[in-house]
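Here's the structure we're looking at; comments come further down.
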Amino acid sequence: MSQKIVVHVPDESGGRRVHVDSTVLGLAYNVRDVEEFLRRAGLDWDESRIAASPLIEWRGGGPDVWPAPWGPGGP
């Protein structure tokens, strides 16, 4: 695969921007969102492949980092 996939640092809403090359695919709130964005971009990846792939650059934490929008401790 020659495409660069990047899942960015969570923002204040808890979402993570997803890029393929220089194209923003959307703001993901979980791995299923990442899977759907990649599917829409023509890349057929399932959750387990996304979580384990060295081809995805996870910034600010791996596929298990999806902070709540209100931060630690809840609303």
Side-chain angles (χ1 to χ4, degrees):
M1 169 184 243
S2 61
Q3 295 170 308
K4 181 176 182 175
I5 302 168
V6 179
V7 181
H8 291 271
V9 175
D11 69 11
E12 61 279 348
S13 75
R16 300 176 74 170
R17 220 172 45 250
V18 180
H19 276 92
V20 173
D21 294 327
S22 61
T23 302
V24 177
L25 300 182
L27 190 63
Y29 290 92
N30 53 51
V31 175
R32 284 192 183 132
D33 289 345
V34 176
E35 177 184 8
E36 178 63 15
F37 295 151
L38 295 178
R39 185 191 67 76
R40 290 179 185 180
L43 304 169
D44 190 23
W45 286 35
D46 65 23
E47 281 185 58
S48 62
R49 184 171 175 208
I50 290 168
S53 178
L55 301 176
I56 298 177
E57 180 182 341
W58 293 88
R59 297 182 182 170
D64 57 337
V65 176
W66 303 95
W70 49 81

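What you see below is based on every heavy atom in this structure, not just the backbone, and it leaves out hydrogens, waters and symmetry mates. Nothing here was measured: the structure is a model prediction, and the numbers come from that model.
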Please name the pair of heavy atoms, one in V18 and one in A28, separated by the smallest distance, quoted to 0.1 Å.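 Looking at all heavy atoms of both residues, the closest pair is CG2-CB, 3.8 Å.
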For the student: nearest non-hydrogen atoms of V65 and G60, plus distance: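 Residues V65 and G60, closest heavy atoms: CG1-O, 3.8 Å.
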Applying side chain to side chain donor-acceptor pair (under 3.5 Å) to T23 and D21, what does each step give before you reach the verdict? CA-CA 6 Å; T23 302; D21 294 327; over 6 Å; no
To the nearest 0.5 Å, tell me how far D64 CG sits from N30 CG.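 So the CG of D64 and the CG of N30 are separated by 13.0 Å.
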Are V31 and W45 joined in one hydrophobic group, where the rule is that I, L, V, M, F, W and Y side chains link up if heavy atoms are under 4.5 Å apart?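 Yes: a chain of side-chain contacts under 4.5 Å links V31 to W45.
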Would you say V20 ends up clustered with V7 if hydrophobic residues are merged whenever their side chains have heavy atoms under 4.5 Å apart, either directly or through other cluster members?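 Yes, V7 and V20 fall within the same hydrophobic cluster.
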Who else is in Y29's hydrophobic cluster (ILVMFWY, side-chain heavy atoms under 4.5 Å, direct or via others)?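 Result for Y29 is L27.
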Are Q3 and L43 close enough that some pair of their side-chain heavy atoms sits under 4.5 Å apart?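 Side-chain contact under 4.5 Å: yes.
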Kindly confirm or rule out a cation-pi arrangement of R16 over W66, judged by NZ or CZ under 6.0 Å from the six-membered ring centre and within 45° of its axis?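 Yes - R16 lies over the ring of W66, closer than 6.0 Å to its centre and within 45° of its axis.
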Stepwise side chain to side chain contact (heavy atoms under 4.5 Å, CB included) check, R49 with D46: CA-CA 5 Å; R49 184 171 175 208; D46 65 23; 3.4 Å; yes
Basic-acidic side-chain contact under 4.0 Å: R39, E35: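 Here R39 does not pair with E35 in a salt bridge, since their nearest N and O are not under 4.0 Å apart.
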Side-chain atoms of residues 51-58: list all donor-acceptor pairs with protein atoms under 3.5 Å, sequence neighbours left out, distances to 0.1 Å.
unit_1: S53; atom_1: OG; unit_2: L55; atom_2: N; d: 2.9
unit_1: E57; atom_1: OE2; unit_2: R59; atom_2: NE; d: 2.7
unit_1: E57; atom_1: OE2; unit_2: R59; atom_2: NH2; d: 3.2

Just grab all the salt bridge (charged side-chain N to carboxylate O under 4.0 Å, His left out) pairs involving residues 24-33, residues at least two apart or on different chains.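 Qualifying pairs: R32-E47.
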